[in-house]
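Each remark here refers to the structure printed beneath this line.
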2 protein chains.
Amino acid sequence: MARTQGSHSDITGPRIRRAALRLFARHGFAAVSMRQIAGEVGVQAGALYNYTPDKQTLLFELMRDHMDALLAARAAEAARAGRDPMARLENFTRHHIRFHIERPDEVFIAYMELRNLAPENFAEIERLRHAYEDELETILRNGVAAGDFAVPDPRVATYAVIAMLTGVNTWYRAGGRLSLSEVETLYWDMVRKAVAA
Amino acid sequence: MARTQGSHSDITGPRIRRAALRLFARHGFAAVSMRQIAGEVGVQAGALYNYTPDKQTLLFELMRDHMDALLAARAAEAARAGRDPMARLENFTRHHIRFHIERPDEVFIAYMELRNLAPENFAEIERLRHAYEDELETILRNGVAAGDFAVPDPRVATYAVIAMLTGVNTWYRAGGRLSLSEVETLYWDMVRKAVAA
């Protein structure tokens, strides 16, 4: 029985995305051609257009899927962490580090290739990014209201904490001096103190 | 009197660097050709090679000059700030934000294009980056020794503080809700608390 377009697509689509992710992270979006992506997957360049209308759509979908996965993971974590602002902030801190260290190419592209998104795609990625930032800002505001935190500007503190945590990706290597769990604890110590009342 | 090669080079060299910086930041190193850089400057592609041997050298020199300028600025600031760890840390924090916000393209390239440096060039940029990090780590260690700071891992705290401060570049826009001086004060408040004894 011939494979259907559907089942074929189920296998090839993810392979195309993985190849595009790898190539964009290595060379940059503007330097990678659809032909190169096809070559990496082992299909004809023309066949790629059965799976994606263009390179812009590939980039957008990689960034959108990354943010969707992050927001879905946060929803699950937040449900576990309960309502206490301190417990929520610790959960956010440790989860951010773990989630991002496992996805170095996605994180690199999310920062580097914003400039190459079409305006409507940029707006959608910004919306998802703001949704993520809003959770942390709400945790900080709730902690201030409860008297647990002293944060003069919760939006700026949100940017500061996220940048600090994402920075782990630039230096941490598995098998080095510190385990990831030790790194999480060091960062949580700094975050906790930075927002302390 | 005909212009000498020297005086011509004095004018054209910096224009080539500025054009390369702008184009690398906009499109990425791998996507930009020497021909494009020449076109931006308004010279023939062949003339570019009077000023630089190749694109790799242009990239390396942009990144090296950025780090040299940063280290020279730090040496001047450190001389002014004196020996007290708290005063030194505040000076480092405010200066890092001011220096980097004025150089968005250099900062973007310094992070994004490390992957495109030849190994010997990468090693040299890493050496300069470590010299910068070493100053902050020394400030933190001196503050711990003086009993002013509690920092369980000064190297990790160095990475955390630098990532947090450089993150200002991703969101701050002049003319927005906050002045740069207000932003500096908000970040200093967080840094001070994060390392507090």
Side-chain angles (χ1 to χ4, degrees), chain A residues 23-33 93 97 105 108-116 126 129-130 133 149-172 176-178 182-197, chain B residues 23-33 93 97 105 108-116 126 129-130 133 149-172 176-178 182-197:
Chain A
L23 289 169
F24 292 165
R26 178 67 194 83
H27 306 289
F29 173 79
V32 173
S33 67
T93 297
I97 292 173
D105 286 348
F108 187 62
I109 283 174
Y111 172 69
M112 179 184 69
E113 299 295 4
L114 281 175
R115 61 186 171 171
N116 281 314
E126 282 290 278
R129 185 186 299 253
H130 286 155
E133 293 165 350
F149 304 155
V151 181
D153 193 312
R155 194 68 190 174
V156 170
T158 294
Y159 296 142
V161 167
I162 288 177
M164 181 171 113
L165 300 179
T166 307
V168 173
N169 274 34
T170 66
W171 65 268
Y172 181 76
R177 179 168 68 87
L178 297 164
E182 288 170 322
V183 171
E184 284 176 27
T185 300
L186 287 168
Y187 277 75
W188 166 234
D189 181 60
M190 289 184 278
V191 169
R192 182 182 53 72
K193 287 166 69 181
V195 306
Chain B
L23 288 169
F24 292 165
R26 178 67 195 84
H27 305 289
F29 174 79
V32 173
S33 67
T93 297
I97 292 174
D105 285 349
F108 188 61
I109 283 174
Y111 171 69
M112 177 185 69
E113 299 296 2
L114 281 176
R115 61 186 171 172
N116 281 316
E126 283 290 278
R129 187 187 297 252
H130 287 155
E133 292 165 350
F149 304 157
V151 180
D153 193 312
R155 194 68 191 172
V156 171
T158 294
Y159 296 142
V161 168
I162 288 177
M164 180 171 114
L165 300 180
T166 308
V168 173
N169 274 34
T170 66
W171 66 267
Y172 180 76
R177 179 168 67 86
L178 296 164
E182 288 169 323
V183 171
E184 284 175 26
T185 300
L186 288 167
Y187 276 75
W188 166 236
D189 182 60
M190 288 184 279
V191 169
R192 182 181 54 73
K193 288 166 69 181
V195 305

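Note on naming: letters A, B, ... go to the chains in the order of the sequence lines (proteins, then strands), and numbering restarts at 1 for each one.
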Checklist entry - How long is the gap from CG on B/Asp153 to CG on A/Asp189, to the nearest 0.5 Å? => result 10.5 Å
Item to check | Straight-line distance of A/Leu186 CG to B/Arg155 CZ, nearest 0.5 Å | outcome: 14.0 Å
Item to check | Engaged part of B/Leu178 at the chain A interface, taking heavy atoms whose separation is under 4.5 Å | outcome: side chain
Item to check | Side chain, backbone, both or neither of B/Val32 within contact of chain A (heavy atoms, under 4.5 Å) | outcome: neither
Checklist outcome for this item: Rounded to the nearest 0.5 Å, the CE atom of A/Met164 sits from the CD1 atom of A/Ile97 at a distance of 7.5 Å
Item to check | Toward chain B, the part of A/Phe29 with a non-hydrogen atom under 4.5 Å | outcome: neither
Checklist entry - Looking at the rings of B/Tyr159 and A/Tyr187, which for Trp means the six-membered one, are their centres under 6.0 Å apart? => result no
Next on the checklist: Which atoms of B/Ala157 are under 4.5 Å from chain A, going by heavy atoms: the side chain, the backbone, both sets, or neither?
Outcome noted: both
Checklist outcome for this item: Pair count under 4.5 Å, heavy atoms only, with chain B: among A/Arg115, A/His27, A/Met112, highest is A/Arg115
Checklist outcome for this item: Between the OG1 atom in B/Thr93 and the CD1 atom in B/Ile162, the distance rounded to the nearest 0.5 Å is 10.0 Å
Checklist entry - Which answer fits A/Val191, side chain, backbone, both or neither, if we ask what part of it has an atom under 4.5 Å from a heavy atom of chain B? => result neither
Item to check | Segment of B/Thr170 engaging chain A (4.5 angstrom heavy-atom cut-off) | outcome: side chain
Next on the checklist: As an exercise, state the distance from CZ of A/Phe24 to CG of A/Asn116, rounded to the nearest 0.5 Å.
Outcome noted: 9.0 Å
Checklist entry - For A/Arg192, is it the side chain, the backbone, both, or neither that has a heavy atom closer than 4.5 Å to a heavy atom of chain B? => result neither
Next on the checklist: Taking every non-hydrogen pair under 4.5 Å, which of A/Val168, A/Val156, A/Val161 racks up the most with chain B?
Outcome noted: A/Val156
Checklist outcome for this item: In short, B/Arg129 meets B/Leu114 closest at the heavy-atom pair NH2-CD1, 3.5 Å
